[in-house]
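Have a look at this one.
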Amino acid sequence: MNLATGGKAVVDATGSLNIYTIGPSLDEPDDPDAWRRLVLSDVLARHLVKSGAQVKVAVGLADLDDRTLSSARAAGLSRADYVAGVVQRITKRAQSLRLLPETIFEPASASVPKALDICRKLLGKGQAYEKLRSVYFDVRRDKRYGNMHLMDMDKLSVGKTVDLDDYVKDNPLDFTLLKRATLQDLKLGDVIETEWGNVRPSWFVQIAVAGLSALGRVDVLVAGEDHQFPHLENLRVVWSAAGVEPKAWLADRKLAREEGVTLDLDTLISQTGGNADSQTGGAGGLRLWLLSAAYRKPLSASTQSLSMWARNWHKVQETACGLRLALGAGGGKDVPEDVAQAVFDLKAGLAAALEDDLSLHRYWPKLFTFVKLVNGWLSAGNFPGVAASLCLQQLEAADAVLGILDLSQMPVACDCLPADVRALVEEREAARKAKDFAASDSLREKLSGCGFRVEDTAQGPRVYSL
RNA sequence: GGCGGCAUAGCCAAGUGGUAAGGCAGAGGUCUGCAAAACCUCCAUCCUCCGGUUCAAAUCCGGAUGCCGCCUCCA
């Protein structure tokens with residue numbers, strides 16, 4: 001795993017590990033860049049869980065910042081109401097993107113006293129100062145500030161684009177811990193009364209403190225490209241005041257946006273969403289796409305790229321469906337050697353990719369090779385049930401980490417169908433055999449009315465519930 | 001202006017010294033009532049450009065060009 005400080009960090013997966021991710025800004029809860037890193041950290045968490053670690057995952061939400069406040073005001077809601085709505089939306093999204101259900105979404109507003117404690121501590125140590133009713137951190141009082149290899153502090157071009165006279169900081173690099181509230185904040189009650197006046201905690205303090213509240217200790221921080229400087233340094237400083245020192249910092253890149261492509265998540269879901277009948281299939285496709293490229297490289301959001309991954313998702317899903325239906329097949333007790341080899345390669349490929357800096361992009365070719373082999377065997381017929389079972393098992397084991405398959409969209413085995421539906425399917429097969437295609441098509445319609453979709457394959461009809 | 005990153009086919013993309021993975025799109029074929037798939041074959045003598053190091057470079061070094069992020073509030 002890569003450390004933002006330069007090299008690789010080896011994370012010990014035998015103990016307990018807390019993973020903390022910077023969540024989307026509450027004025028833009030659907031930000032695909034944020035969801036890319038949430039899905040990445042989810043894969044990391046699932047992988048560590050599988051390796052035997054005790055993992056806690058939390059996502060920090062800054063709900064006291066200017067962006068949230070102005071969004072709430074634009075929506076005509078109180079801050080609390082607005083935040084409650086957005087957090088609910090984020091939780092729902094997390095569910096649809098299959099983040100681990102135990103993922104904690106922690107709003108900063110729940111930890112205001114803790115924020116104030118940390119500020120008092122920093123002031124007490126002389127690392128922070130108050131000026132005109134705001135509290136700032138003095139970066140010159142932290143020897144390590146700027147050591148994260150993110151930025152050469154001596155070469156920063158400070159004040160290049162901003163008039164320094166606008167600030168009351170002692171040093172333009174100093175960052176805000178507590179910001180004095182505006183008159184409007186005061187009117188709307190969006191302030192915290194303190195010994196320094198009416199303030200709001202800065203984004204850094206909010207994110208830092210939400211992490212502490214949710215996890216107690218942060219071991220791995222997952223941030224975005226644009227958080228690298230100064231945000232990571234600032235978080236480090238605040239956490240360090242609370243005695244917390246993350247072991248690894250990782251930052252993913254942003255999307256490479258193409259003009260004219262809508263990056264609204266719901267649109268993306270429908271674009272990566274498999275067939276039109278599928279109501280929920282798109283989330284898996286979206287998740288696959290979000291994981292498709294190396295996290296330290298930009299993710300292409302072009303239409304072509306999106307449809308490519310939609311097809312890829314479909315392919316994997318279809319193979320899982322095919323395997324599921326082949327489970328019942330006979331064909332001996334032994335798994336053919338080439339099948340065992342393919343299963344082994346798939347397993348080894350995933351392990352290698354995950355161990356080496358979560359490089360899932362190197363796993364996909366292995367997965368596609370596997371899918372192609374399996375499809376070949378399936379369409380050749382007489383694929384032994386034990387072999388199908390082994391393949392499906394491995395595919396599902398991989399999916400425990402990847403979370404891309406849609407198990408609710410699996411075909412239903414004939415003997416599991418309701419009797420009336422089963423009768424319709426059989427009737428349709430008979431019609432097809434008799435080449436009565438008008439009857440066959442109308443039965444397809446009828447089945448769709450009952451909530452089932454039929455696909456014909458060489459091995460017989462495949463029935464999906466809608 | 002400074003710092004950092006990236007540049008591989010129509011598109012996405014792997015590949016850090018030994019002669020270009022994989023996918024999408026495209027072409028041809030098999031299968032096919034429809035629909036949806038699947039399978040087989042083909043598709044970069046070359047990795048932005050110019051120099052250099054080396055027996056050997058997409059890979060290392062120098063330079064050029066282009067794109068992206070940060071250097072400032074929000075945070």
Side-chain angles (χ1 to χ4, degrees), chain A residues 22 25 27 62 64-70 108 149-164 166-167 169 172-173 175-177 179 200-208 224-232 234-235 251 253-258 274-277 289 292-294 296-319 321-322 349 353 359 361-369 371-380 431-438 440-441 444 453-459 462 464:
Chain A
I22 298 173
S25 180
D27 65 339
L64 296 168
D65 62 344
D66 287 3
R67 288 173 62 163
T68 303
L69 291 182
S70 63
H149 292 286
L150 298 169
M151 196 61 62
D152 185 337
M153 295 306 288
D154 296 330
K155 291 185 181 157
L156 286 186
S157 180
V158 172
K160 179 78 188 167
T161 54
V162 155
D163 186 354
L164 290 177
D166 288 348
Y167 303 99
K169 305 172 185 176
L173 288 175
F175 67 92
T176 310
L177 294 170
K179 181 190 176 189
R200 291 204 330 260
S202 73
W203 183 89
F204 312 114
V205 169
Q206 291 184 54
I207 291 294
E225 182 178 16
D226 43 11
H227 293 130
Q228 292 192 50
F229 185 87
H231 307 71
L232 261 38
N234 296 354
L235 284 177
R253 295 288 301 268
K254 303 180 79 152
L255 270 52
R257 289 148 211 269
E258 184 187 63
N275 62 64
D277 298 345
W289 171 67
S292 65
R296 280 182 288 151
K297 295 228 178 160
L299 174 64
S300 168
S302 66
T303 329
Q304 281 195 71
S305 187
L306 251 18
S307 70
M308 168 173 97
W309 285 101
R311 288 199 62 110
N312 285 337
W313 176 80
H314 224 65
K315 211 186 247 194
V316 179
Q317 173 81 9
E318 285 287 310
T319 297
C321 294
S359 53
H361 56 285
R362 284 193 291 202
Y363 171 69
W364 307 129
K366 304 235 166 31
L367 178 59
F368 297 142
T369 307
V371 159
K372 188 169 260 188
L373 280 171
V374 170
N375 285 342
W377 292 325
L378 285 174
S379 62
R432 288 185 64 223
K433 281 226 173 75
K435 306 220 182 265
D436 183 355
F437 299 123
S440 159
D441 287 344
R444 192 206 290 275
R453 175 167 59 91
V454 193
E455 282 178 17
D456 298 318
T457 72
Q459 282 76 40
R462 224 181 243 193
Y464 298 81

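Chain identifiers are assigned alphabetically (A, B, ...) following the order of the sequence lines, protein sequences preceding nucleic acid strands; residue numbering begins at 1 within each chain. All values below were derived from every heavy atom in this structure, side-chain atoms included, with hydrogens, water molecules and symmetry-related copies excluded.
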> Among B/C70, B/A14, B/G23, which is the nearest nucleotide to the side chain of A/His361?
Replying inline: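 Of the options given, the side chain of A/His361 lies nearest B/A14.
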
> Is there a donor-acceptor pair under 3.5 Å between the side chain of A/Arg432 and the backbone N or O of A/Ser440?
Replying inline: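 Not confirmed, A/Arg432 side chain does not pair with A/Ser440 backbone.
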
>> Heavy atoms only, 4.0 Å cut-off, all strands: where does A/Gln304 land among base, sugar-phosphate and nothing?
In response: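 If one applies the 4.0 Å heavy-atom cut-off, A/Gln304 turns out to touch a base.
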
> If we call it a pair only when both distances are under 3.5 Å in a Watson-Crick or G-U wobble match, what pairs with B/C49?
Replying inline: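 Across all strands, the one nucleotide that pairs with B/C49 is B/G63.
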
>> Using a heavy-atom cut-off of 4.0 Å across all strands, would you classify A/Lys372 as base, sugar-phosphate, or nothing?
In response: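 Touches sugar-phosphate only.
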
> Does A/Leu64 reach the side chain of A/Pro201, with side-chain heavy atoms less than 4.5 Å apart?
Replying inline: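 Heavy-atom side-chain distance check passes, below 4.5 Å.
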
>> Output the rounded distance in Å from CZ (A/Arg444) to P (B/G33).
In response: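 Whole-Å distance recorded here is 12 Å.
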
>> Taking only the P atom of each, what is the distance from B/G23 to B/C70 in whole angstrom?
In response: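 Straight-line distance between the two P atoms is 35 Å.
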
>> Measure CZ/A/Phe229 against P/B/U72 and give the value in whole Å, please.
In response: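 Those two atoms, CZ and P, are 7 Å apart.
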
>> In this structure, how many angstroms lie between the P atom of B/C40 and the CG atom of A/Leu378, rounded?
In response: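 Those two atoms, CG and P, are 13 Å apart.
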
> B/G23, B/C74, B/A14: which one has an atom nearest the side-chain heavy atoms of A/Phe368?
Replying inline: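 That would be B/G23.
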
>> Looking at B/A21, which nucleotide sits across from it as a Watson-Crick or G-U wobble partner, both distances under 3.5 angstrom, or is there none?
In response: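 In the structure as shown, B/A21 has no Watson-Crick or wobble partner.
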
> Once the angle between the rings of A/Trp309 and A/Phe368 is folded into 0 to 90°, is it parallel (under 30°), tilted (30 to 60°) or perpendicular (over 60°)?
Replying inline: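 Plane angle between 30° and 60°, so tilted.
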
>> Could you tell me how far B/C49 sits from B/A58 if I compare only their P atoms? Round to whole Å.
In response: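 Taking atom P in both B/A58 and B/C49, they lie 11 Å apart.
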
> Which part of the nucleic acid, if any, lies within reach of A/Asp441 when heavy atoms closer than 4.0 Å are counted: base, sugar-phosphate only, or nothing?
Replying inline: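 It contacts base atoms.
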
> Which one is paired to B/G26, where only Watson-Crick or G-U wobble pairs with both distances under 3.5 angstrom count?
Replying inline: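 Paired with B/C42.
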
> Is there a Watson-Crick or G-U wobble partner for B/C73 with both distances under 3.5 Å, and which nucleotide is it?
Replying inline: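 Pairing partner: none.
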
> Rounded to whole angstroms, how far apart are CD on A/Gln206 and C1' on B/A75?
Replying inline: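 It is 9 Å, rounded to the nearest whole Å.
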
> Side-chain contact, heavy-atom cut-off 4.5 Å: A/Glu318 with A/Leu378?
Replying inline: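 No - every pair of side-chain heavy atoms lies 4.5 Å or more apart.
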
> Does any non-hydrogen side-chain atom of A/Arg200 lie less than 4.5 Å from one of A/Leu69?
Replying inline: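 Yes, at least one pair of side-chain atoms sits under 4.5 Å.
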
>> Nearest whole Å is fine: how far is B/C71 P from A/His227 NE2?
In response: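 About 11 Å, once rounded to whole Å.
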
>> The test is side chain to side chain contact (heavy atoms under 4.5 Å, CB included); show your working for A/His227 and A/Leu232 and say whether it passes.
In response: CA-CA 6 Å; A/His227 293 130; A/Leu232 261 38; 4.1 Å; yes

>> How many whole angstroms separate atom CH2 of A/Trp309 from atom P of B/C11?
In response: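 Whole-Å distance recorded here is 17 Å.
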
>> Taking the C1' atom in each of B/U59 and B/C47, what is the distance between them to the nearest angstrom?
In response: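 To the nearest whole Å, 10 Å.
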
> B/U16 and B/U8: how far apart are their C1' atoms, nearest whole angstrom?
Replying inline: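 My reading of the C1' atoms in B/U16 and B/U8 gives 14 Å.
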
>> If you compare every side-chain N and O of A/Arg362 against the phosphate oxygens of B/G15 (OP1, OP2), does one of them come in below 4.0 Å?
In response: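 For A/Arg362, the contact criterion (side-chain N or O under 4.0 Å from OP1 or OP2 of B/G15) is met.
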
> If you look at every strand shown and take non-hydrogen atoms under 4.0 Å, does A/His231 touch a base, only sugar-phosphate, or nothing?
Replying inline: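 Base contact - A/His231 has a heavy atom under 4.0 Å of at least one base atom.
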
>> Can you check the distance between B/U72 and B/G1, where both ends of the measurement are the C1' atom (answer in whole Å)?
In response: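 Each nucleotide's C1' atom is 15 Å from the other's.
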
> Taking OP1 and OP2 of B/C74, is either one under 4.0 Å from a side-chain nitrogen or oxygen of A/Arg200?
Replying inline: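 For B/C74, neither OP1 nor OP2 has a side-chain N or O of A/Arg200 closer than 4.0 Å.
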
>> Quick check on B/A14: is either OP1 or OP2 less than 4.0 Å from any side-chain nitrogen or oxygen of A/Lys297?
In response: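 Yes, within the criterion.
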
>> If you go through the side-chain atoms of A/Arg432, does one of them form a donor-acceptor pair with the base of B/G33 closer than 3.5 Å?
In response: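 Between B/G33 and A/Arg432, which were checked side chain against base, a qualifying N/O pair under 3.5 Å is present.
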
> Taking the side chain of A/Ser302 as heavy atoms from C-beta outward, which of B/C70, B/C11, B/A75 is closest to it?
Replying inline: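 Nearest listed nucleotide: B/C11.
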
> Across the strands shown, which category fits A/Ala62 at heavy-atom distances under 4.0 angstrom: base, sugar-phosphate, nothing?
Replying inline: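 Counting heavy atoms under 4.0 Å across all strands, no contact is made by A/Ala62.
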
>> Using a distance-only criterion (donor-acceptor N/O pair, under 3.5 Å, no hydrogens), is the base of B/G22 paired with the side chain of A/Thr369?
In response: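 Check fails, no donor-acceptor contact within cut-off.
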
> What does A/Phe204 touch in the nucleic acid at a heavy-atom separation under 4.0 angstrom: a base, only the sugar-phosphate, or nothing?
Replying inline: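 Sugar-phosphate: the residue A/Phe204, judged by heavy atoms under 4.0 Å, touches backbone atoms but no base.
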
> Within the modelled atom types, does a donor on one side and an acceptor on the other bring the side chain of A/Asp456 and the base of B/C34 under 3.5 Å apart?
Replying inline: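 Flag set: donor-acceptor pair detected.
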
> Under 4.0 Å: is that the gap between some side-chain N or O of A/Asn312 and OP1 or OP2 of B/G23?
Replying inline: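 The answer is no; no side-chain N or O of A/Asn312 sits under 4.0 Å from OP1 or OP2.
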
>> Closest-nucleotide mapping onto RNA chain B: is A/Met308 or A/Leu299 further toward the 5' terminus? I mean the 5' end.
In response: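 Final value for this comparison: A/Leu299.
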
> Hey, is the side chain of A/Lys435 poking within less than 4.0 Å of OP1 or OP2 on B/C34, counting only N and O atoms?
Replying inline: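 So the side chain of A/Lys435 is outside the cut-off, no N or O lying under 4.0 Å from OP1 or OP2 of B/C34.
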
> If you find the nucleotide of RNA chain B closest to A/Lys315 and the one closest to A/Leu373, which residue's nucleotide is nearer the 5' end?
Replying inline: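 It is A/Lys315 whose nearest nucleotide is closer to the 5' end.
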
> Should A/Trp203 and A/Ile22 count as side-chain neighbours, where that means a heavy-atom distance under 4.5 Å?
Replying inline: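 Yes, side chains in contact.
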
> Any donor-acceptor pair under 3.5 Å linking the side chain of A/Thr319 with the backbone of A/Asn375?
Replying inline: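 Flag not set: sc A/Thr319 to bb A/Asn375 has no pair under 3.5 Å.
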
> Expressed as a whole number of Å, how far does the C1' atom of B/C39 sit from that of B/A44?
Replying inline: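 Pairwise C1' distance, B/C39 against B/A44, rounds to 26 Å.
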
>> Can you tell me which nucleotide in B/A13, B/C39, B/A36 comes closest to the side chain of A/Glu455?
In response: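 Closest nucleotide among those given: B/A36.
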
>> Considering every strand and a 4.0 Å limit on heavy-atom distances, what is the contact class for A/Ser440: base, sugar-phosphate, or nothing?
In response: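 Base contact - A/Ser440 has a heavy atom under 4.0 Å of at least one base atom.
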
>> If I pick the C1' atom on B/G18 and the same atom on B/C46, what distance separates them, to the nearest angstrom?
In response: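 It comes out at 16 Å once rounded to the nearest Å.
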
>> Test your reading of the model: is there a side-chain donor-acceptor pair from A/Ser300 to the backbone of A/Ala256, 3.5 Å cut-off?
In response: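 Answer holds: no.
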
> Which base, if any, makes a Watson-Crick or G-U wobble pair with B/C31, both distances under 3.5 Å?
Replying inline: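 B/C31 is unpaired by these criteria.
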
> Nearest-Å distance, CG (A/Asp65) to P (B/A75)?
Replying inline: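 Atom-to-atom, A/Asp65 to B/A75, this comes out as 5 Å.
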
>> Please report the distance, rounded to the nearest Å, between CZ in A/Arg296 and C1' in B/C68.
In response: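 In whole Å, B/C68 C1' lies 17 Å from A/Arg296 CZ.
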
> With both distances under 3.5 angstrom, what nucleotide forms a Watson-Crick or G-U wobble pair with B/A37?
Replying inline: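 By the stated definition (distances under 3.5 Å), nothing pairs with B/A37.
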
> Taking atom C1' in both B/A37 and B/U30, what distance in whole Å separates the two?
Replying inline: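 Those two atoms are separated by 14 Å.
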
